[in-house]
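Here the structure comes first, spelled out in structure tokens, and everything after it is commentary.
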Amino acid sequence: MSAADSPASQGSKLPSNVRIAGTGSYLPEKILTNAELEILVETSDDWITSRTGIKERRIAAEGELTSHLAAKAAEKALEQAGIEAADVELIIVATITPDTLTPATACYVQQHLGALKSVAFDVSAACSGFLYALELARHSVGAGAFKNAVIIGAEKLSAFVNWKDRNTCVLFGDGAGAAVLVPSENGDGRILSSHLGTDGAQAELLNIPGGGAACPITIENADQNLAVLSMQGREVFKHAVNAMRRASEQAIESAGLTAADISLVIPHQANIRIIDAVVERIDIDPKDVFINVDKYGNTSAAAVAIALDEANRQGRINSGDKILLVAFGAGLTWASAVIEW
Ligand code: ACO
């Protein structure tokens with residue numbers, strides 16, 4: 001049984017009375033190129049480009065935290081949606097690089113935005129986190145519990161990368177993306193389906209081993225650099241292709257569509273080879289796939305959100321288009337959604 005066949009794999013069709021009213025993204029100014037990484041570790045632009053498709057990534061400034069990136073992305077999404085921060089009712093931040101273990105990064109974002117009447121909390125589902133947040137928010141808004149929701153994927157992964165480990169440090173970057181969800185009153189633009197899954201049996205493949213209650217950072221272990229990403233890349237790669245393929249097929253089928261109906265695929269941006277393998281298996285034309293992994297690397301929970309915003313602002317999405325979003329990450333977790341724009 002593959003991970004995506006496991007009983008934890010949940011599909012959901014209803015409610016489809018929620019739409020995305022605005023998107024936004026924010027990338028830190030500092031660009032770290034492959035050439036600069038060649039100075040830090042034994043690697044090459046050629047290796048990184050051919051194995052991952054990544055050319056450069058963004059790195060947050062000192063003192064620039066996940067909550068700051070998140071708030072800047074959310075401000076742009078709210079502006080596009082025409083909603084004042086003071087009127088926001090729900091904020092969900094998806095992140096694995098919170099400002100602090102507690103309180104949630106969403107609490108800081110609430111303050112940065114001045115969204116003082118909102119309920120705010122985090123979800124932790126690694127690279128699938130933005131789509132987990134989308135699912136939670138669409139049920140909350142669709143059921144009428146909240147009039148609107150701001151969902152944000154935001155990461156400062158540069159703070160949790162071992163800059164001496166060439167296996168991981170070339171892959172990740174910082175950034176944030178956001179979307180505003182509101183009821184779809186006249187039937188225009190709807191979230192048609194989504195599909196989430198988890199396989200905790202594979203938790204060891206990709207984790208940050210130190211810094212939690214299982215392995216607090218102490219004076220004794222401080223020199224072991226345990227609060228950084230650790231990944232069995234080859235294994236993760238195989239699971240990613242399988243799970244993203246299955247999750248894509250399930251979301252398309254739940255929406256009552258076929259691959260031919262999908263105008264644009266917005267996949268998690270971890271590795272161009274994973275994206276190519278998934279797209280080939282679900283029979284989508286590569287020209288209908290949004291790619292920005294070359295510019296930002298893997299920004300975990302932020303990746304799909306940033307790509308969605310860039311696709312939206314570049315005019316790659318038109319009213320009535322059916323968009324497939326699909327992600328995969330630590331947990332293991334995977335998630336997909338089909339949206340009618
Ligand atoms: N530069 C040069 N050589 C390198 C580098 C580097 N930066 N990194 C690894 N290598 C070497 C390895 O040491 C290995 O050498 P060896 O054969 O002598 O042992 C060789 O390159 C091949 O290593 P592989 O791990 O087999 O390389 P692979 O082609 O699998 O690519 C990669 C590695 C890019 C990590 C790939 O496996 C991958 O993308 N995995 C999935 C990552 C992912 O999708 N993560 C998603 C979620 S992330 C999240 O949730 C936070």
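One-based numbering, in listed order, for ligands and for the atoms of each.
Contacts with ligand 1 closer than 4.0 Å are made by no heavy atom of Val41, backbone or side chain. The proximity of Thr168 to ligand 1, defined as any non-hydrogen pair under 4.0 Å, does not occur for either the backbone or the side chain. Neither the backbone nor the side chain of Ala240 comes within 4.0 Å of ligand 1, counting heavy atoms alone.
Taking atom 17 (O) of ligand 1 as the reference point, the nearest protein heavy-atom neighbour is Arg234 NH2, 4.5 Å. Nearest to atom 39 (O) of ligand 1 among the protein's heavy atoms is Asn271 ND2, 2.7 Å. Closest to atom 49 (C) of ligand 1 among all protein heavy atoms lies Cys127 SG, 2.8 Å. Atom 27 (O) of ligand 1 has its closest protein heavy atom at Arg51 NH1, 3.2 Å. Taking atom 40 (N) of ligand 1 as the reference point, the nearest protein heavy-atom neighbour is Gly233 O, 3.1 Å. The protein heavy atom nearest to atom 10 (N) of ligand 1 is Trp47 CZ2, 3.4 Å. For atom 13 (O) of ligand 1, the nearest protein heavy atom (residue, atom name, distance) is Arg166 NH2, 3.2 Å. Taking atom 44 (O) of ligand 1 as the reference point, the nearest protein heavy-atom neighbour is Ile274 CD1, 3.2 Å.
Proximity of atom 21 (O) of ligand 1 to the protein is indicated by at least one non-hydrogen atom lying closer than 4.0 angstrom. For atom 8 (N) of ligand 1, the protein comes within 4.0 Å by at least one heavy atom.
Taking a 4.0 Å cut-off on heavy atoms, Asn167 registers as neighbouring ligand 1.
Looking at heavy atoms from C-beta onward, Ile151 lies out of side-chain contact with Tyr132 at the 4.5 angstrom threshold.
Ion pairing between Lys55 and Asp45 holds under the 4.0 Å rule for side-chain N and carboxylate O.
Listed by chain and number, the hydrophobic cluster partners of Ile83 are Leu78, Val88, Ile91, Val93, Val109, Leu113, Val150, Ile152, Val180, Val182, where partners are ILVMFWY side chains within reach of under 4.5 Å, directly or through others.
Among pairs with a residue in residues 324-339, none fulfils salt bridge (Lys or Arg N to Asp or Glu O under 4.0 Å), at least two apart in sequence or across chains.
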